[in-house]
2 protein chains.
Amino acid sequence: MEDEFAALYLEHQLCFPLYAVSRFTTKIYAPYLEELGVTYPQYLVLLVLWQYGEQSVKDIGQRLYLESNTLTPLLKRLTQKGLVKRERAQADERTVLVSLTEQGQGLREKASLIPQRILGSFQSGAISEGELLAFQKTLHKLLGVLEEKVVGEV
Amino acid sequence: MEDEFAALYLEHQLCFPLYAVSRFTTKIYAPYLEELGVTYPQYLVLLVLWQYGEQSVKDIGQRLYLESNTLTPLLKRLTQKGLVKRERAQADERTVLVSLTEQGQGLREKASLIPQRILGSFQSGAISEGELLAFQKTLHKLLGVLEEKVVGEV
DNA sequence: GTTAAATATATCGCACACGATTTAATCGTA
DNA sequence: TACGATTAAATCGTGTGCGATATATTTAAC
């Protein structure tokens, strides 16, 4: 019973579980991020600001693979919440430098507890720690491969 | 030099690469789906209709982990394109049954070539076929674990 | 030095996701 | 059998993603 459409079966797809797992992950974060008062993409922006400090919209975009059409409104919302400052660079008026306010910097402590709590949700009897590590490793490789295909390599 | 915030570094996150890879994957599909004239979530709905035939909005939602607030407008757009029919069930007027039009059914042939073409984008010297298979296996397990946490198990 | 190309944000429009609520139909139980 | 609870879609509002375009500034070429 060969099925010429077997490749289209949902359970044979690689893309669908990626999409579903990604969405589920965001939902797992939701209650923790609610305590911080931010959404998941906003949390990602805070991550790069905590890690690298003041930087341009473009820098943030390159780190998160997002562009100004997504970041500009998002950053305005973070500004509204008092977590972030935006100002044009003196040297180059085209560039907008984004930096953390004291309040934004302060959230880092609270946030630092999240990853450990999240990890618990990913662990289970069905998946060993080694398997999860291997998964993470492949995921990073895949990110590199796809980045090249999608973003292009200049 | 212990860093109390190391857990917040972008490259230590599991969530971010999942999010990025999922978005990249959608972009990889884009040119192929443009030939079909549908978006990626619309394509997923077609997948379950091709695979399981006529079914309710709720059935589709349970298979894709989406709810009526997302599906209703999406299905209206698929109807507009002439790919799908929506009608209330006789037996239970609350239920809306979704089925493929001839045109929607016809797209299956064209679509059946996509998975193979996509797979090429995921393959690379850096990732062996075995590694990709292991990745897919863990991904499915993860989907199961997270599904239980997020959707609940009733 | 003026102007065309390049660059960095911003804006616009559309299509998801999703929490919350509403509407309509069906079910369950006293 | 009436009526409250449950169920299935739909609606609403907010926040992304993202292709396409616009705006403003800087760079480069002449």
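The chains referred to below are lettered A, B, ... by the order of the sequence lines, with proteins before strands, and numbering in each begins at 1. Treat the numbers as computed from the prediction; the structure is a model and nothing was measured. Atom set for the values below is all heavy atoms of this structure, side chains included, hydrogens, waters and symmetry mates excluded.
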A:Phe24 CZ - C:dG19 P separation (whole Å): 11 Å
Out of C:dC16, C:dT9, C:dT26, whichever nucleotide has its closest atom nearest the side chain of A:Arg88: C:dT9
Options D:dT25, D:dC18, C:dC16, nucleotide nearest the side-chain atoms of B:Thr39: C:dC16
Side chain of B:Pro41 (C-beta onward), nearest among C:dA10, D:dG17, C:dC16: C:dC16
Quiz item: B:Ser68 side-chain donor-acceptor pair to D:dA8 base, under 3.5 Å: no
Basic-acidic side-chain contact under 4.0 Å: B:Lys85, B:Glu54: no
Whole angstrom value for the distance that separates P of D:dA22 from CD of A:Glu67: 17 Å
Closest to the A:Arg77 side chain, choosing from C:dA10, D:dT16, D:dT11: D:dT16
Aromatic ring pairing A:Tyr29/A:Tyr43, orientation class (parallel under 30°, perpendicular over 60°, tilted between): tilted
Nucleotide nearest B:Val96 when distance is taken to its side chain, options C:dC16, C:dT26, D:dA9: D:dA9
Sugar-phosphate only, base, or nothing, as touched by B:Thr26 at under 4.0 Å among non-hydrogen atoms: nothing
Side chain to side chain donor-acceptor pair (under 3.5 Å): pairs with one or both residues in residues 103-124 of chain B, sequence neighbours excluded: none
Sugar-phosphate only, base, or nothing, as touched by A:Asn69 at under 4.0 Å among non-hydrogen atoms: base
Which nucleotide in D:dA9, D:dG19, D:dT16 has an atom nearest any side-chain atom of B:Lys27: D:dG19
Close N or O pairs between protein and nucleotides 3-7 of chain D (under 3.5 Å):
| from | atom 1 | to | atom 2 | distance (Å) |
| --- | --- | --- | --- | --- |
| D:dT7 | O2 | B:Arg94 | NH1 | 3.0 |

Within 45° cone and under 6.0 Å: A:Arg63 NZ/CZ vs A:Tyr65 ring: no
Touch class at under 4.0 angstrom, heavy-atom based, for B:Leu71 against every strand present: nothing
Whole angstrom value for the distance that separates C1' of C:dT9 from CG of A:Leu97: 12 Å
Integer-rounded Å distance: C:dA8 C1' and A:Leu75 CG: 13 Å
Whole-Å distance separating the CG atom of A:Leu78 from the P atom of D:dT14: 18 Å
Sugar-phosphate, base or nothing in reach of A:Thr95, heavy atoms under 4.0 Å: sugar-phosphate
